[in-house]
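What follows is one structure encoded as structure tokens, with my remarks underneath.
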Number of protein chains: 2
Amino acid sequence: MARRSEHSREELHDMALEAAEAILEEEGLDGLSTRKVAARMGYTVGTLYLVFRNLDALILEVNGRTLAELHRVLAASLAASEGEPAGARLKALALAYHDFARRHPARWALMYEHRMSQAALPAWFNLAVHELFALLEDILRPLCGDASAAALAARTLWGSVHGICVLAVTDKLDVAGPLQVEQVFASLIDNFLIGLAADGKGV
Amino acid sequence: MARRSEHSREELHDMALEAAEAILEEEGLDGLSTRKVAARMGYTVGTLYLVFRNLDALILEVNGRTLAELHRVLAASLAASEGEPAGARLKALALAYHDFARRHPARWALMYEHRMSQAALPAWFNLAVHELFALLEDILRPLCGDASAAALAARTLWGSVHGICVLAVTDKLDVAGPLQVEQVFASLIDNFLIGLAADGKGV
DNA sequence: TCCTTTATTGAACGATGTTCAATTAAACGC
DNA sequence: GCGTTTAATTGAACATCGTTCAATAAAGGA
């Protein structure tokens with residue numbers, strides 16, 4: 001077993017997160033346990049509890065890293081569609097989101113399904129969520145009257161895309177395959193953008 | 001403890017489902033356990049396993065009943081808005097869905113978050129999901145060209161409303177209170193319907 | 001080399017889902 | 001009414017879970 005001070009507390013911290021992520025990828029949500037994480041680090045349970053207050057604290061940090069990775073993926077999608085019309089960029093974004101959910105189902109589910117014991121999520125987590133919204137708001141602002149309208153549109157589209165992903169990934173959308181999901185995204189974004197454009201003219 | 005043949009197997013079946021639902025309402029998702037369900041029925045764990053193959057089978061049936069109750073609630077909302085314009089009826093439906101999620105958070109979450117061990121959901125469950133979609137399709141059909149367009153629109157709106165509810169209920173929508181959620185629903189439905197109407201004219 | 005310090009361990013606790021031999025009460029034959 | 005069969009019901013057992021904490025063992029200073 002690991003020898004005294006072979007790793008700093010910070011190293012243990014990162015090793016635990018990486019071990020947890022590996023288990024989630026290989027065995028899914030139910031495979032995650034404190035003993036498995038510790039074993040994968042080359043330590044025993046006790047050591048894990050020196051670094052994290054409990055499993056919830058570890059999961060919260062895993063979720064923070066997943067959130068950051070998701071942000072990178074979506075930002076890359078936006079960078080790749082620079083110059084294209086807003087509708088095409090939003091559809092690419094939705095597909096990138098769906099693709100991330102399919103490629104990392106356990107980590108993605110953990111973000112949304114895990115209920116924290118403590119009532120409120122920490123500020124840094126809400127900030128990371130806010131940064132995801134900001135990506136959408138940047139595209140939507142030119143299409144909306146003011147910033148608050150863009151904020152509302154961003155929350156609407158975000159929630160919608162997320163819901164379609166949830167149902168698609170768990171096979172409750174009653175459609176077959178990613179090809180059909182693409183159609184649902186197109187239906188959402190095309191129609192929503194037509195409505196947004198009409199709002200500007202109508203009022 | 002319960003005496004031999006005091007309850008038929010069918011009675012035990014229903015008692016278990018009612019016990020499980022009561023525990024979910026009172027203690028939430030994490031409160032549910034086989035021993036607690038059995039104790040609430042006035043039996044012990046062993047008896048529960050004579051009626052249900054395992055906890056997953058019990059949860060699946062609880063979810064079936066929740067699905068049926070949700071269908072009743074939404075059908076009632078539709079009946080109450082008979083004659084009103086489609087947009088108003090869809091908004092009322094979305095609010096009824098959100099209200100159900102808020103009033104029964106554990107049973108609602110159990111429907112969407114529980115991963116079945118067996119790969120595929122049984123046919124009767126998918127049929128119940130299908131019946132929920134049918135409610136939406138009935139409103140959308142007059143607004144769409146053909147039935148397949150209505151089916152696509154129904155899936156789009158359903159997923160969208162669901163996603164907004166998920167984020168709102170778990171406080172990840174970054175909005176405060178049900179009043180704001182109502183605005184998000186309105187944004188979704190108003191803009192989507194404008195788009196649908198434009199589709200008919202444009203093509 | 002001994003001693004202090006502390007990183008690390010692993011046994012313990014209560015709870016979980018699940019199984020199944022043992023028990024006990026009802027039902028039936030006489 | 002009594003003995004036997006039948007099956008409904010039990011609860012102890014097992015592996016696993018998150019969590020705690022006294023015991024241990026190794027590093028560094030004297």
Side-chain angles (χ1 to χ4, degrees), chain A residues 1-17 19-24 26-63 106 109-110 113-118, chain B residues 1-17 19-24 26-63 106 109-110 113-118:
Chain A
M1 277 290 144
R3 297 162 89 100
R4 180 176 143 88
S5 291
E6 193 174 336
H7 300 100
S8 72
R9 196 142 297 210
E10 210 156 333
E11 281 174 318
L12 291 177
H13 178 98
D14 294 350
M15 286 163 66
L17 294 181
E21 285 165 358
I23 292 168
L24 285 169
E26 291 170 21
E27 303 180 42
L29 265 187
D30 296 341
L32 189 66
S33 79
T34 53
R35 284 175 177 83
K36 277 193 201 166
V37 170
R40 198 162 189 127
M41 301 165 59
Y43 285 83
T44 52
V45 243
T47 301
L48 193 58
Y49 279 84
L50 292 175
V51 184
F52 294 94
R53 198 165 46 75
N54 53 28
L55 183 61
D56 263 14
L58 192 158
I59 288 178
L60 186 64
E61 299 226 15
V62 169
N63 284 345
L110 194 65
E113 296 194 358
H114 184 67
R115 324 208 152 294
M116 284 297 138
S117 305
Q118 69 236 37
Chain B
M1 278 289 146
R3 297 162 89 101
R4 181 173 142 89
S5 292
E6 193 174 336
H7 300 100
S8 73
R9 196 143 295 209
E10 210 157 333
E11 280 175 319
L12 291 176
H13 179 98
D14 294 349
M15 287 164 66
L17 293 181
E21 285 166 357
I23 292 169
L24 285 169
E26 291 171 21
E27 304 180 41
L29 265 187
D30 296 341
L32 189 67
S33 79
T34 53
R35 284 176 177 82
K36 278 193 200 164
V37 170
R40 199 165 189 125
M41 302 164 58
Y43 284 83
T44 52
V45 244
T47 301
L48 193 58
Y49 279 84
L50 291 177
V51 184
F52 294 94
R53 199 165 46 76
N54 54 27
L55 183 62
D56 264 14
L58 192 158
I59 288 178
L60 186 66
E61 298 227 18
V62 169
N63 284 345
L110 194 66
E113 296 194 357
H114 184 67
R115 322 207 152 298
M116 285 296 139
S117 306
Q118 69 234 40

Atom NE2 of B/His7 and atom P of D/dA7 are separated, to the nearest Å, by 21 Å

Measuring from A/His13:NE2 to A/Arg9:CZ, what's the distance to the nearest 0.5 Å? 12.0 Å

Minimum-distance nucleotide (side-chain atoms of A/Leu55 versus D/dG18, C/dT8, D/dT10): D/dG18

Would you say B/Arg35 places a side-chain N or O within less than 4.0 Å of OP1 or OP2 belonging to D/dG11? no

What integer distance in Å separates B/Tyr43:OH from C/dT24:P? 17 Å

d(A/Leu48 CG, A/Asn54 CG) to nearest 0.5 Å is 10.0 Å

Derivation of the side chain to side chain contact (heavy atoms under 4.5 Å, CB included) call for B/Val51 and B/Met15: CA-CA 11 Å; B/Val51 184; B/Met15 287 164 66; over 6 Å; no

Quick one: B/Leu58 CG to C/dT18 C1', roughly how many Å, whole number? 14 Å

Any side-chain heavy atom of A/Phe52 within less than 4.5 Å of one from A/Leu17? yes

With respect to the phosphate group of C/dG17, does any side-chain polar atom (N or O) of B/Thr34 fall under 4.0 Å of OP1 or OP2? yes

For B/Arg9 and for A/Leu32, find the nucleotide of DNA chain D with the closest heavy atom, then tell me which residue's nucleotide is more 5'. B/Arg9

What is the distance from atom OH of B/Tyr49 to atom OG1 of B/Thr34, rounded to the nearest 0.5 Å? 4.5 Å

Which pair of non-hydrogen atoms, one from A/Leu24 and one from A/Ala106, has the smallest distance, and what is that distance? O-CB, 3.3 Å

Atom pairs under 3.5 Å: protein N/O with N/O of nucleotides 20-23 of chain C:
none

How long is the line joining CE of B/Met41 and P of D/dA8, in whole Å? 14 Å

Let me know the distance between CG of B/Leu48 and C1' of D/dA8, rounded to the nearest Å. 15 Å

Might you work through the side chain to side chain contact (heavy atoms under 4.5 Å, CB included) test for B/Ile59 and B/Leu32, ending with a clear yes or no? CA-CA 10 Å; B/Ile59 288 178; B/Leu32 189 67; 4.2 Å; yes

Taking CD1 from B/Ile23 and P from C/dT16, how many angstroms apart are they, rounded to a whole number? 10 Å

Return the angle between end axes of the helix from C/dT1-D/dA30 to C/dC30-D/dG1, with five pairs used per end and rounding to 10°. 30°

Base of C/dT18, side chain of B/Arg53 - is there a donor-acceptor contact under 3.5 Å? no

On the nucleotide D/dC17, are OP1 or OP2 found under 4.0 Å from the side-chain N or O atoms that A/Ser33 carries? yes

To the nearest angstrom, the NZ-C1' distance between B/Lys36 and C/dT16 comes to 11 Å

Separation of C/dT8 atom C1' from A/Glu6 atom CD, nearest Å, is 12 Å

For B/Glu26, does the CD atom sit with more than 12 other heavy atoms under 6.0 Å from it, leaving out its own atoms? yes

Nearest 0.5 Å please: distance from the CD atom of B/Glu61 over to the CD atom of B/Glu21. 10.5 Å

